[in-house]
2 protein chains.
Amino acid sequence: MADNTQVKNANGRGGDKPTTMADIARIAGVSTATVSRALANPAVVTAETREKIDRAVADADYRVNTLARNLRKMETRTILVIVPDIANPFFSDIFRGIEEVAHENGFVAVIGNTEVDPEREAAYANMARERRADGLLLLDGKLPAWASGASALGGVPFVMACEYVDGPDICLVRTDNYDAAKLAVAHLAELGHRRIAHIAGPLDRSISQDRMRGYHDGLAEAGLDDDPALIFEGDFGLDSGTAAIPTLMLGKPTAIFTSNDEMAMGAIQGLRAMGLGVPEDVSVVGFDDIRFAGAYNPPLTTVAQPRYEIGRLATEMLMQLLSGHELGQRQRVLNSSLVIRESSAPPAKAGG
Amino acid sequence: MADNTQVKNANGRGGDKPTTMADIARIAGVSTATVSRALANPAVVTAETREKIDRAVADADYRVNTLARNLRKMETRTILVIVPDIANPFFSDIFRGIEEVAHENGFVAVIGNTEVDPEREAAYANMARERRADGLLLLDGKLPAWASGASALGGVPFVMACEYVDGPDICLVRTDNYDAAKLAVAHLAELGHRRIAHIAGPLDRSISQDRMRGYHDGLAEAGLDDDPALIFEGDFGLDSGTAAIPTLMLGKPTAIFTSNDEMAMGAIQGLRAMGLGVPEDVSVVGFDDIRFAGAYNPPLTTVAQPRYEIGRLATEMLMQLLSGHELGQRQRVLNSSLVIRESSAPPAKAGG
DNA sequence: TTGAAAGCGCTAACAC
DNA sequence: GTGTTAGCGCTTTCAA
């Protein structure tokens, strides 16, 4: 059975010549055009011809060469998904939805993991222009190139998800982060909290900004004061949630609304380190409802976004764009919902 | 700025003819061969020629057509990574390492998310044979096709990571799951636990089997009895960890070793639901040290695998394979280590 | 319904 | 150091 670098077969990479469509044509006694047709659109050839071809294909274990097909058709059937961090469960769930729709349409989804590194962002943005991908799905709103709109991408079709830049013609699927944040703050206010802190995400990202705005307006609507000492800008990472606590607790909040679940977990760790319990001493509300939010101790009250659905919808939109169909709507805003669990409760002084 | 489906540019997809190498050649007053050389290997043309070409490329905003290049060179510079579940943080961390090495080598990594569905597994396995990928990285040991060795993949170079099937010539990067599991059990035994339960992963997967064997042998070496009532087969999901608890607790264990961290978290939820605390009533040890293990409450004692490193190493191996170099070693076994945190402690009766 | 033939845009001999 | 030329394997007119 030999060594894995040298195994050969009918289609072999081991050095011998691979089977081509011409070989099949010769074996079946037809032209390459007919083989091509039989493979792409079986209905268009006679049953007899089809049979001969099918047999030849099976005998030779033939597979079309996608490379040649791609060049001829000038398409790759590949979409490139640009994400800031694939190891973030938020993105990997969205990706599941993307990958599924892509696959259903005979497309392949490639991930470009930028780690928010401008150099890598640029490298990936170029991929589409070099015709390594037919279209782009952007989950990373920071790319400066996007800011100037579609033209900066050289006419490559793209859809943004979650993050966004302004522009009337930009295709976009997202949830209403502003509303959801307001809801989260309202929930805490209703429980009786008066001093509600906020751990924000990086403020150069649209979702962080929206959640922050929702926080401010939520406070205002509840008639609570808006103390700058109760705001901390994190980076969506666990550690930044923990790091926020010592500073934030100086302002004596009884509740904290964090811009994602990871920072909520980090914050809870930080509170624990100070000997404070959640929700007994401080309530915490997160955002995203990632896979582990409900299984955390305490289970996290958080905003559930339909991540899988966002991925599916954005990809369906891109498929429309690629097939040249007119889009019904360019912007879709999905509903998110507050999931109330044990990490939020009335403040201690309110008597539980 | 028009509509994102119709924007055109020099390389345009909007319908007008794209710039080709022939255009650049004409503008620069050289042959296409020279343009090709100047782009691929600048040192081989004179500075003067290079300059003319560079200017023409910049002016026309030219990008090589990878489709044509790929056909000509009969390569895709793409590797396909087959994973059972990308939303699992264990895999997404490995993928980070993969994606990085691929990128360093001018390759692109595509994820094939199988969801352990045989149909999708087969579809992805075919991709390489259709020349949509140059090589395969298998993180999913279940594909029946692999079982028969390299030949089943039609000579496509591949490397397995973590999961494996037997075969002397299979390229493989993994950690020693057997040893690590023994270590975990030894740790619990040393703390004074006598009845140690095990929540296994799906037993048709090599890693589950290895961890289970390590559990058995770990018990034996500690002189503990091996009670079938203390074993439960889960599916690596959170819920299966929770589901295991009612059954398992009938056997009165004081400690549980789970085959991954997700099931450990699930188990802790299940114990909580029964009013049992961790580690006061029952100690829990997980496996993998995923992103949230240390931030869990209680922080999880677990086996840390160098996931990122596994991804990097496996990809480096595949790059070797693809470049035709002889491999130093076909199998690499990396070290994992036990990370002791608060979820494991001496049993209550031991007075710890 | 089928065949002949013309490329898709690039790279790599081979000649100069 | 540069140009000429012959394809890579497929799809798709256009004719028959």
Side-chain angles (χ1 to χ4, degrees), chain A residues 10-13 15-54 56-57 60-77 106 129-132 134, chain B residues 10-13 15-54 56-57 60-77 106 129-132 134:
Chain A
N11 224 359
R13 314 211 169 189
D16 49 351
K17 211 134 154 278
T19 310
T20 72
M21 207 171 255
D23 297 326
I24 301 299
R26 202 169 8 76
I27 299 173
V30 296
S31 72
T32 59
T34 303
V35 177
S36 176
R37 280 189 284 255
L39 261 33
N41 190 0
V44 89
V45 299
T46 56
E48 196 191 3
T49 315
R50 192 165 54 235
E51 237 167 66
K52 280 190 299 188
I53 293 174
D54 285 350
V57 165
D61 195 21
Y62 169 76
R63 299 287 195 286
V64 290
N65 184 328
T66 313
L67 257 28
R69 194 216 293 273
N70 284 349
L71 173 60
R72 178 59 227 239
K73 301 181 85 171
M74 271 311 214
E75 64 173 27
T76 58
R77 305 235 112 199
R129 310 197 54 193
E130 292 168 357
R131 301 201 124 76
R132 297 186 70 133
D134 296 340
Chain B
N11 224 0
R13 317 212 168 186
D16 50 349
K17 212 136 154 280
T19 310
T20 71
M21 207 171 254
D23 297 326
I24 301 300
R26 202 167 10 75
I27 299 173
V30 297
S31 73
T32 59
T34 303
V35 177
S36 176
R37 280 189 284 255
L39 262 34
N41 190 3
V44 88
V45 299
T46 56
E48 194 190 4
T49 318
R50 192 166 52 235
E51 239 167 64
K52 282 190 296 188
I53 293 174
D54 285 350
V57 165
D61 195 19
Y62 168 75
R63 299 287 195 288
V64 290
N65 185 326
T66 313
L67 258 27
R69 197 216 292 276
N70 284 350
L71 173 60
R72 181 56 229 237
K73 301 181 84 170
M74 272 310 215
E75 65 174 25
T76 58
R77 305 233 109 202
R129 309 197 55 192
E130 293 169 356
R131 303 199 122 77
R132 296 186 69 132
D134 295 340

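Letters A, B, ... mirror the listed sequences (proteins, then strands); counts begin at 1.
Here the straight-line distance linking atom OG1 of Thr19(B) with atom OH of Tyr62(B) works out to 8.5 Å at 0.5 Å rounding. Here the straight-line distance linking atom CG of Leu71(A) with atom CZ of Arg131(A) works out to 10.5 Å at 0.5 Å rounding.
Checking the phosphate oxygens (OP1, OP2) of dT11(D), no side-chain nitrogen or oxygen of Thr32(A) falls inside 4.0 Å. At dG9(C), none of the side-chain N or O atoms of Tyr62(B) fall inside 4.0 Å of OP1 or OP2 (strictly under the cut-off). Between dG9(D) and Thr20(A), no contact under 4.0 Å exists linking OP1 or OP2 to a side-chain N or O. Regarding contacts with the backbone of dT12(D), every side-chain N or O of Ser36(A) stays at 4.0 angstrom or more from both OP1 and OP2.
Rounded to whole angstrom, the span from the CG atom of Leu67(A) across to the C1' atom of dG7(D) amounts to 15 Å. Between the CZ atom of Arg37(A) and the P atom of dC10(D) there is a distance of 15 Å, rounded to whole Å. Note: NZ (Lys73(A)) to P (dC8(D)) measures 21 Å, nearest angstrom. Here dC10(D) presents its C1' atom at 14 Å from CD of Glu130(B), a figure rounded to the nearest Å. Atom CD of Glu51(B) is separated from atom C1' of dG1(D) by 16 Å (rounded to the nearest Å). In this structure, the CG atom of Asn41(A) is 16 Å from the C1' atom of dC10(D), given to the nearest Å. Rounding to whole angstrom units, CD of residue Glu48(B) and P of dT2(D) are separated by 8 Å. The distance between atom CG of Asn70(A) and atom P of dT12(D), rounded to the nearest whole Å, is 12 Å.
Judged by distance alone with a 3.5 Å cut-off, no donor-acceptor contact links the side chain of Arg72(A) to the base of dG9(C).
Nucleic acid contact class of Thr49(B) (heavy atoms, under 4.0 Å, all strands): sugar-phosphate only.
Nearest nucleotide to the side chain of Pro18(B), out of dT12(D), dG9(C), dC10(D): dG9(C). When distances run from any side-chain atom of Thr46(A) to the nucleotides dT1(C), dG3(C), dT2(D), the shortest one goes to dT1(C).
Where Thr34(B) and Met21(A) each meet DNA chain D at their nearest nucleotide, the meeting point lying more 5' is that of Thr34(B).
Residues Thr76(B) and Asp134(B) have side chains that bring a donor and an acceptor to within less than 3.5 angstrom of each other.
Of the charged side-chain nitrogens involved, none lies within less than 4.0 Å of a carboxylate oxygen, so that Glu130(B) and Arg132(B) do not count as a salt-bridged pair.
Of all the heavy atoms in Ala56(B) and Ile24(B), the pair that sits closest is O-CD1, 3.8 Å.
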